[in-house]
Amino acid sequence: MERSDLELVMAIRSQGSLAGASQLLQVVPSVVTKRLGALEARLGQRLFERTTRRLSATAEGEAVCRHAKALLEGFTALENELGERQNELRGPVRLAATFGFGRRWLGPALAAFQARHPALRIELQLTERLPDLGAEGFDGALWLWEVQQRRAADWTSRRIARNQRVLAASPHYLTRRGTPASVEALASHDCLVARENGEAPRQEFALWTLQHVRDGSTARVRVQGPLSSNSGEMVRDWCLAGHGIMLRSLWDIGPQLVSGELVRVLPQYAMPDADIHWVAPWRPKTPRRVRLLVDHLAEQFRGEPWKPAAAGLSAPRERPGSRPPR
């Protein structure tokens, strides 16, 4: 069997008809009929049962299609590897990221990389839940939360950049309600809760665990307020409008902190669980195009471009004995 034969049976199987396969292969229907008949005669097996109403694969046809899929994927992988050996990055890269960070920071970085390597095809899927990367065919994801332990054995991870979630409010709200002097005081304020990106079914979004940026000590407070949303952008808009205090990533509100539209609340505290990570299914050899893309992202975000220069606070220290981010 030749590669064209494999492509023929996969086209017929995927389209469910000879007419559909002819459109996919961009040939006239009679060519598909003739080629299939010749292939079945050569193999001595009937691969598809054909009636006036339907077409279905025989047991032998299913076996051929199963092996054809693997062989065609091998052809593609070999062609991509040979192309990369010629120093031209080519082939597909499929990524996932959260909506906000993906639109604001990752999208432009990917476009710049693809412009330098025009033979690459980059697909970015924005989602609020981390997919099962290997099962769903992703090369990796740029994610802002630590991967759950049950996935750690099957995935690899690399921290691309540091990021903090910080407390912020508008000057109007602080003038009206006062500035909390302690973490415990947050319980009596209107706090805006973002119920997003949760993987645990009963995750307590209103339970905020904050870390002191100097000594690493932690403080926990259960907050409340009349407004919450699964959209971080909505929570940010409410905060800008003076409706309460929010806990939000620096990458999302850096410009507003610089302009004074928002003010850090309890600036000695932050939530240290929002670093930017590259996570990917484990594989014995990562394609060169993916490796170089990850290096590009690490260089783009190494300086934490979202961090206000005027903040004057470093990321929370990792306490001795704490588990490093995966």
Side-chain angles (χ1 to χ4, degrees), residues 70 72-148 151-164 196-197 199 232 249-252 254 273-307 315 324-326:
L72 288 172
E73 289 175 349
F75 279 126
T76 301
L78 176 59
E79 289 171 345
N80 290 336
E81 182 173 342
L82 292 176
E84 290 180 355
R85 289 176 182 270
Q86 296 174 349
N87 294 323
E88 181 182 9
L89 300 186
R90 64 172 62 249
V93 180
R94 190 162 185 251
L95 308 175
T98 54
F99 278 93
F101 187 84
R103 284 195 300 261
R104 180 166 297 190
W105 295 102
L106 181 56
L110 293 179
F113 188 75
Q114 197 282 328
R116 285 162 44 191
H117 305 283
L120 277 181
R121 302 188 309 277
I122 299 177
E123 176 189 338
L124 173 62
Q125 179 170 315
L126 299 181
T127 175
E128 293 303 342
R129 288 190 177 274
L130 187 59
D132 187 338
L133 297 174
E136 297 182 36
F138 287 94
D139 290 292
L142 219 62
W143 213 250
L144 280 71
W145 282 266
E146 198 172 43
V147 178
Q148 287 187 332
R151 292 174 169 170
D154 300 322
W155 291 2
T156 60
S157 179
R158 171 183 174 183
R159 183 165 62 193
I160 298 297
R162 288 189 178 276
N163 174 57
Q164 297 172 284
E196 58 179 354
N197 302 309
E199 292 193 2
S249 283
L250 278 176
W251 65 259
D252 190 34
D273 66 344
D275 286 344
I276 316 299
H277 296 272
W278 166 261
V279 292
W282 184 89
R283 57 177 69 174
K285 182 179 180 182
T286 301
R288 180 169 169 261
R289 61 185 181 278
V290 177
R291 295 199 312 271
L292 293 183
L293 173 57
V294 176
D295 290 342
H296 167 77
L297 297 176
E299 178 61 26
Q300 290 286 300
F301 302 142
R302 179 172 55 86
E304 302 172 50
W306 46 79
K307 190 173 183 179
R326 291 190 295 273

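The pair Asp295-Arg158 meets the salt-bridge criterion, with a side-chain N (NZ, NE, NH1 or NH2) lying under 4.0 Å from an Asp/Glu carboxylate O.
Using modelled atom types, no side-chain atom of Arg289 and backbone atom of Leu120 make a donor-acceptor pair closer than 3.5 Å. Formation of a donor-acceptor pair under 3.5 Å by the Glu123 side chain with backbone atoms of Pro92 is not found in this model. A donor-acceptor distance shorter than 3.5 angstrom exists from the side chain of Asn163 to the backbone of Ala274, with no hydrogens or angles considered.
Leu89 contributes atom CG, which lies 9.0 Å from atom CG of Leu293 (distance to the nearest 0.5 angstrom). The line from OG of Ser157 to CH2 of Trp143 is 13.0 Å long, rounded to the nearest 0.5 Å. Rounding to the nearest 0.5 angstrom, the gap separating the CD1 atom in Ile160 from the NE2 atom in His277 is 9.5 Å. Interatomic distance, CD of Gln114 versus CG of Leu124, reported as 13.0 Å (0.5 Å rounding).
Here the shortest heavy-atom pairing between Phe99 and Thr127 reads CE1-CA, 3.6 Å. Shortest non-hydrogen contact noted between Leu250 and Lys307 is CD1-CG, 4.1 Å. Between Gly134 and Pro281, the shortest heavy-atom contact is N-CG, 3.6 Å. Minimum heavy-atom separation, Leu106 to Ala97: CD2-CB, 3.5 Å. Between Gly102 and Leu126, the shortest heavy-atom distance links the atoms CA-CD2, 3.8 Å.
The aromatic ring centres of Trp306 and Trp105 sit less than 6.0 Å apart.
With sequence neighbours excluded, no residue forms a side-chain contact (heavy atoms from CB on, under 4.5 Å) with Ala112. Listed by chain and number, the residues in a salt bridge (charged side-chain N to carboxylate O under 4.0 Å, His left out) with Glu136 amount to none (sequence neighbours excluded). Listed by chain and residue number, Asp139 satisfy the salt bridge (charged side-chain N to carboxylate O under 4.0 Å, His left out) test with Arg283 (two or more places apart in sequence, or in another chain). When the side-chain contact (heavy atoms from CB on, under 4.5 Å) test is applied to Arg104, the partners found at least two apart in sequence or on another chain are Arg236, Trp251, Asp252. Qualifying side-chain hydrogen bond (donor to acceptor under 3.5 Å, both in side chains) partners for Arg103, counting only residues two or more places apart in sequence or in other chains: Glu233. For Gln125, the side-chain contact (heavy atoms from CB on, under 4.5 Å) test picks out Arg94, Phe138, with sequence neighbours left out. With sequence neighbours excluded, the residues that form a salt bridge (charged side-chain N to carboxylate O under 4.0 Å, His left out) with Arg302 are Glu299. Residues forming a side-chain contact (heavy atoms from CB on, under 4.5 Å) with Ala109 (at least two apart in sequence, or on another chain): His296, Leu297, Gln300, Phe301.
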Checklist entry - Asp275 and Leu144: side-chain contact (heavy atoms from CB on, under 4.5 Å), yes or no, with the steps? => result CA-CA 5 Å; Asp275 286 344; Leu144 280 71; over 6 Å; no
Item to check | Audit row: Leu95, Leu110, side-chain contact (heavy atoms from CB on, under 4.5 Å) steps and yes/no | outcome: CA-CA 10 Å; Leu95 308 175; Leu110 293 179; 3.7 Å; yes
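A 4.5 Å side-chain heavy-atom check between Val279 and Thr156 finds every atom pair outside the cut-off.
Residue pairs meeting the salt bridge (charged side-chain N to carboxylate O under 4.0 Å, His left out) criterion with at least one member in residues 105-114: none, sequence neighbours excluded.
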